[in-house]
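Reviewing the structure listed below.
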Amino acid sequence: MSATNFQQLITCLSEADVEYVLIGGLAAIAHGSAYVTYDVDVCYERSHANVERLCRALAPLHPALRGAPHDLPFRFDARTVLAGLNFTLDTDLGALDLLGEVTPFGPFVPVAAHSEIAELFGLRVRVLSLEALIRAKQAAGRRKDLLILPELEALLALRNRPLS
Amino acid sequence: MDGKTQSPENAPPDDPITRAMEYGVDITLLTSNLRLTPTERIHRAQRALDSVVAFQTEVRAWRQRQKQPA
């Protein structure tokens with residue numbers, strides 16, 4: 001088992017002009033979280049054109065549904081993506097989760113409105129803001145989401161305080 | 001995204017930093033991360049993940065060796 005390659009996955013999406021917002025654990029890390037994450041989570045824009053770009057970008061990475069039997073027929077194309085919403089994938093570069101919506105914000109447009117542009121690996125990447133990450137974790141309410149909240153809230157407080 | 005930071009030692013009670021410390025969060029890791037760029041933070045996380053995965057692989061191999069007859 002090899003680790004997910006964060007840089008290469010982000011680069012793959014960005015260089016293919018896929019519209020997305022980095023969310024989840026890697027977004028938290030970009031803000032300073034010390035938690036370890038195993039995958040890349042993104043909220044993707046669901047226009048036909050963007051989904052086509054997404055599928056073309058990921059095709060060379062042989063995306064497959066994570067945890068599904070190897071012989072389960074699965075074609076990662078625009079028709080499949082538009083018929084669904086969220087996809088947890090294994091790729092040649094590791095684990096990638098595609099979400100069409102993020103609670104409590106909704107689909108890509110409001111999620112992007114709560115994001116900020118970060119320079120990652122020389123690329124301009126939308127990253128869900130720390131405040132929005134906190135709201136998303138609160139809204140999700142799963143035990144694993146609530147566990148990280150104290151750290152994220154401390155990060156926000158540390159970041160917003162002026163230097164002494 | 002690279003905000004300014006302050007030491008938490010003088011944080012007032014009922015403060016997110018105090019709550020986090022009481023929860024067990026290592027604030028020194030956070031202040032260390034906040035001195036890095038977002039790219040550097042992700043590189044650091046990648047190294048951590050690589051180490052975790054390598055360790056897990058080694059543990060699985062060890063367990064497999066334990067099952068084999070001497």
Side-chain angles (χ1 to χ4, degrees), chain A residues 1-11 22 24-40 93-95 115-131 133-134 146-164, chain B:
Chain A
M1 172 185 159
S2 58
T4 298
N5 192 308
F6 301 139
Q7 178 172 354
Q8 288 191 38
L9 270 173
I10 289 171
T11 300
L22 186 65
L26 201 58
I29 286 166
H31 287 293
S33 170
Y35 275 82
V36 172
T37 189
Y38 286 78
D39 59 14
V40 176
L93 293 177
S115 69
E116 44 197 65
I117 302 293
E119 185 175 312
L120 299 178
F121 318 115
L123 302 161
R124 290 170 58 80
V125 178
R126 285 192 188 93
V127 181
L128 194 65
S129 73
L130 185 52
E131 293 87 345
L133 256 177
I134 290 170
L146 300 178
L147 284 172
I148 196 177
L149 276 176
E151 189 210 54
L152 295 182
E153 289 165 347
L155 269 172
L156 189 61
L158 284 167
R159 195 186 67 182
N160 290 341
R161 290 197 174 174
L163 290 169
S164 56
Chain B
M1 288 186 69
D2 292 281
K4 300 170 184 172
T5 62
Q6 184 185 40
S7 164
E9 280 83 14
N10 297 323
D14 197 31
D15 169 82
I17 298 170
T18 306
R19 283 201 300 273
M21 291 168 70
E22 290 171 353
Y23 190 76
V25 173
D26 187 341
I27 299 295
T28 64
L29 281 179
L30 302 189
T31 55
S32 169
N33 282 344
L34 286 172
R35 293 190 192 98
L36 306 177
T37 67
T39 297
E40 288 169 339
R41 292 167 193 162
I42 293 179
H43 280 315
R44 177 180 275 192
Q46 184 74 67
R47 290 192 296 273
L49 178 61
D50 290 346
S51 299
V52 166
V53 170
F55 184 68
Q56 288 172 333
T57 302
E58 186 54 38
V59 168
R60 272 195 293 273
W62 171 77
R63 287 195 175 132
Q64 201 57 37
R65 289 193 297 271
Q66 294 297 106
K67 289 177 186 172
Q68 289 165 2

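Keep in mind that this is a model prediction, so the values were computed, not measured. Just so it is clear: chains get the letters A, B, ... in the order the sequence lines come, proteins before strands, and each one is counted from 1.
Only the backbone of A:Thr37 comes within contact range of chain B, judged by heavy atoms closer than 4.5 Å. Proximity to chain B involves both the backbone and the side chain of A:Leu147, based on heavy atoms less than 4.5 angstrom apart.
Closest of all the heavy-atom pairs between A:Ala34 and B:Leu30 is N-CD2, 4.1 Å. Listed here is the closest heavy atom pair of B:Ala20 and A:Ala154: CB-CB, 3.5 Å. When all heavy atoms of B:Gln46 and A:Thr4 are compared, the pair lying nearest together is NE2-O, 2.7 Å. Pairing each heavy atom of B:Arg41 with each of A:Ala30, the nearest pair is NH1-O, 2.5 Å.
Atom OG of A:Ser2 and atom CG of B:Asp50 lie 9.0 Å apart (nearest 0.5 Å). The CD1 atom of A:Ile29 lies 9.0 Å from the CG atom of B:Asn33; values are rounded to the nearest 0.5 Å. In this structure, CD in A:Glu153 is found 11.5 Å from CD1 in B:Ile17, a value given to the nearest 0.5 Å.
Atom CZ of A:Arg124 has 12 or fewer neighbouring heavy atoms from other residues, nucleotides or ligands inside a 6.0 Å radius.
For B:Thr39 (side chain) and A:Gly122 (main-chain N/O), no donor-acceptor pair under 3.5 Å exists by modelled atom type.
Two residues are said to be in side-chain contact when any heavy atoms from C-beta on lie closer than 4.5 Å; A:Gln7 and B:Ile42 fail this criterion. Considering only heavy atoms from C-beta on, B:Ile27 comes within 4.5 Å of A:Leu158 through its side chain.
Ring to ring, A:Phe6 and B:His43 are not that close: their centroids are 6.0 angstrom or more apart.
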